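The shown structure was predicted, so the numbers you read here are calculated from the model rather than taken from an experiment. Just so we're on the same page: letters track the sequence lines, and every chain starts at 1. Every heavy atom of this structure was used, including side-chain atoms; hydrogens, water molecules and symmetry mates were not.
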Number of protein chains: 2
Amino acid sequence: MPVELTPSQALGLWHSVTLDQVRVDSRDLTLRQMAILLQIYLVPPPHTVRGLAATLGVTKPVITRALDTMGALGLVDRVRDERDRRNVVIKRTVEGALYLEKFGDLIINQGRNLHL
Amino acid sequence: MPVELTPSQALGLWHSVTLDQVRVDSRDLTLRQMAILLQIYLVPPPHTVRGLAATLGVTKPVITRALDTMGALGLVDRVRDERDRRNVVIKRTVEGALYLEKFGDLIINQGRNLHL
DNA sequence: CACAAAAGAAACGCTTGCGTAACGATCGGC
DNA sequence: GCCGATCGTTACGCAAGCGTTTCTTTTGTG
């Protein structure tokens, strides 16, 4: 089920959501961090550092650093893979799920309020 | 004309657009910079540093720095207001308009490709 | 004309993210 | 058991953004 948007709607939606996010959220995730977070929560696990790096097209330290930051914020968690102890499996958290749920609501509401 | 989205559609759209943006765009604007850019191009002029700061809920130096960066990228331009020379009027550029046009296309296409 | 107010920029020290390169831990094949 | 390959992290120097404070220019008002 596709979403059909006009150029005005597309940019207007992005505008209002971005604006609201800047005004409200002190955490201020970077674009990369946001992409990683959404990937973790919207794509079926397991997620690894290597996998995320490949998906985003960035180097592994970028992922490590983003996980450090978002881990400190409680948005994600890291667990060593016991079957292959070289791997780290990235886990979702309740707080992270809540964060994205609120963010989704923000998008929906701003979309609803679009009057162009 | 509102845009009605389900939670899956809202986050899915954000996911795919963010992912694509990370992969493709080396400029890597911050959330604040993006909000400023969209404000300049979607809201009727004139735009001033002070006005943008108030709209975004940030301090003036944040706006000055963002304009420095985006000015260097050619996305916006600054012109002294001749009627009150204390003010600076922020101008749109062809390159900035093109940038947002491409970004809008990206959103539209990712929305169209959403199959949940 | 003096002087406070206003707008934007510059200065300051700090934090955070970046890319590259090096590192320790772990695995699998021989 | 060794040894190259793989995985994630750490280290390093650098660039960029942050908040606060200070400065410069310009305005308008007494």
Over how many whole Å does the gap from B/Arg50 atom CZ to C/dA5 atom C1' extend? 11 Å

note: B/Ile63, atom CD1; C/dA6, atom P; distance rounded to Å ~ 19 Å

Could you tell me whether the side chain of B/Arg32 and the main chain of A/Val22 form a donor-acceptor pair under 3.5 Å? no

Rounded to whole Å, the CG-P distance (B/Leu52 to C/dA7) equals 13 Å

Can you tell me how far P of C/dT16 sits from CZ of A/Arg32, to the nearest Å? 18 Å

Heavy-atom side-chain proximity of A/Ser16 to A/Asn113 below 4.5 angstrom: no

From CG of B/Leu67 across to P of C/dA7 the rounded distance in Å is 16 Å

Roughly, in whole Å, what's the span from CG in B/Asp28 to C1' in C/dG17? 10 Å

Where along nucleotides 21-30 of chain C does protein come under 4.0 Å, by heavy atom, of base (B) or sugar-phosphate alone (S), with - for untouched nucleotides? B----BS---

According to side-chain contact (heavy atoms from CB on, under 4.5 Å), who are the partners of A/Lys102, at least two apart in sequence or on a separate chain? none

For B/Arg50, does the CZ atom have more than 12 heavy-atom neighbours from other residues, nucleotides or ligands under 6.0 Å away? no

Where the side chain of A/Gln39 meets the backbone of A/Ile36, is there a donor-acceptor pair that is under 3.5 Å apart? no

Tell me whether the side-chain N/O atoms of B/Thr64 come closer than 4.0 Å to OP1 or OP2 in C/dA9. yes

With a 4.0 Å cut-off (strictly under) to non-hydrogen atoms of chain A, the first and last hit nts on DNA chain D, 5' to 3', are D/dT6 to D/dT10

Salt bridge (charged side-chain N to carboxylate O under 4.0 Å, His left out) with B/Asp25: which residues, sequence neighbours excluded? B/Arg27

At what distance, to the nearest 0.5 angstrom, does CG of A/Leu13 lie from CH2 of B/Trp14? 5.0 Å

Please, which pairs that meet side chain to side chain donor-acceptor pair (under 3.5 Å) have at least one residue in residues 76-88 of chain A, sequence neighbours excluded? A/Asp68-A/Arg78, A/Glu82-A/Arg85, A/Asp84-A/Arg86

Return the 5'-most residue of the pair A/Thr59, A/Thr69 with respect to DNA chain C, ranking by each residue's nearest nucleotide. A/Thr69

Holding to salt bridge (charged side-chain N to carboxylate O under 4.0 Å, His left out), I want the full list of residues that pass it with A/Arg65, two or more places apart in sequence or in another chain. none

Please classify the nucleic acid contact of A/Arg65 as base, sugar-phosphate, or nothing, using heavy-atom distances under 4.0 Å. base

